[in-house]
There are 2 protein chains.
Amino acid sequence: MNTTSTFPTVLRELLRTNQSFLSYAASHVNKLDLTLPQFDVIITLGGTAGMQYKKLGEKTLITKGTLTGVVSRLEDKGLVERAASKKDGRSQILRLTEAGNDLFERTFPEHLEFINRLFSNYSEEEIATLGTALLRLQKAVSVCRGNEIIDEVIDE
Amino acid sequence: MNTTSTFPTVLRELLRTNQSFLSYAASHVNKLDLTLPQFDVIITLGGTAGMQYKKLGEKTLITKGTLTGVVSRLEDKGLVERAASKKDGRSQILRLTEAGNDLFERTFPEHLEFINRLFSNYSEEEIATLGTALLRLQKAVSVCRGNEIIDEVIDE
DNA sequence: ACGAAATGGTTTTAATCAAAACTATTTTAT
DNA sequence: ATAAAATAGTTTTGATTAAAACCATTTCGT
């Protein structure tokens, strides 16, 4: 890797690809009068009897501070409801309302179809290559982050 | 591709990888008391005599509505300045101030080093594979978007 | 048994995102 | 020459991002 080159182009492509894909996915979800994070919550809760807030945060990649607001707006739309957990006074269970479940069952298959069109000309191997390459980079980030934290501790 | 599977896992990995990488990059840029979009503007302007606002938007992937605010905050920090274009009354030229240029020259090489650590164990081929896979998906999105726009026109 | 530490979720904060509407200017069509 | 269309950048809007601080509750250590 030539350390004097400009910003690594492959990372620029990662950002472009991410933005491009999100824009494509949003163009479908906007028709449901939902945002991508809102729809992500719905499809994560869909097909379940409910889920703890913490688990929902883990599955959707929405940080907990942000998730409170996303869930509130879905409550306002009558699509999601909260219930206190019986086991842990701090905890809450989230689940789709009847309207939320109807929307999920009606729209999720077509959304899946919409997303899967992207791969209509891909072989299984090509999809696997992309996935593997992405996981590889995630791992590289984890390794570098771990090293950075150690560097900070040593500097104290 | 099994159309009844859950959200395509490879796309979930794209989102995770993007988020993970941005978080890693931000951890370095935050030390400069800048945000990633602000730093992106600085490194895009760095090494140039100035750039038109429109061009800056194209190179940084920040939409023009958002770019106004990002640039304003950099002006407030004394790192960027604007000048009216002599050729086009609508247009503006943006450039780094002396302080902005100093910051760029001081920090860009170390940021590049910080980012390039991610690839310290990659071969050229592995980097190329990732880049190619990402470009392939971008193209797939473009193709699907083009088809969607055509679908909308026909529906009118 | 009790205090300390950790955890689950909320609130606060500053910044960003992205699209639509707007204003001023330039370019295009007639 | 003039009106219509397009463009460059700003403003507005509602939502999200992400981190830090906070409060209430649970878990851990002594």
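In what follows, chains carry the letters A, B, and so on, assigned in the order in which the sequence lines appear, proteins first and then strands, with residues in each chain numbered from 1.
Tyr24(A) does not carry Arg117(A) over the face of its six-membered ring by the limits of under 6.0 Å from the centre and within 45° of the normal.
The structure places OG of Ser142(A) at 9.5 Å from CG of Leu137(A), a figure rounded to the nearest 0.5 Å.
Summary of the strand contacts: Lys77(A) and Gln52(B) both lie near DNA chain D, and taking for each the nucleotide with the nearest heavy atom, the more 5' one is attributed to Gln52(B). For the pair Lys54(B) and Val70(A), both in contact range of DNA chain D, the more 5′-proximal nearest nucleotide belongs to Lys54(B).
Taking side-chain N and O atoms only, Ser91(A) has a distance below 4.0 Å to OP1 or OP2 of dG9(C). Proximity of Gln19(B) to the phosphate of dA18(D): a side-chain N or O atom is located under 4.0 Å from OP1 or OP2.
Interface remark: the Thr35(A) side chain does not form any donor-acceptor pair with the dA15(D) base, using a distance-only criterion of under 3.5 Å.
Within the nucleic acid shown, Leu67(A) has no heavy atom closer than 4.0 Å to any nucleic acid atom. Residue contacts for Thr68(A): at a heavy-atom cut-off of 4.0 Å it reaches a base atom on one of the strands shown. Heavy atoms of Gly65(A) sit under 4.0 angstrom from at least one base atom. Nucleic acid contact for Thr63(B): base, since at least one base atom lies under 4.0 Å from a heavy atom of the residue.
The listed nucleotides are dC17(C), dT10(C), dT16(D); the one nearest the side chain of Tyr53(A) is dT10(C).
A chain of hydrophobic side-chain contacts below 4.5 Å, direct or via other Ile, Leu, Val, Met, Phe, Trp or Tyr residues, connects Leu32(A) to Leu22(A).
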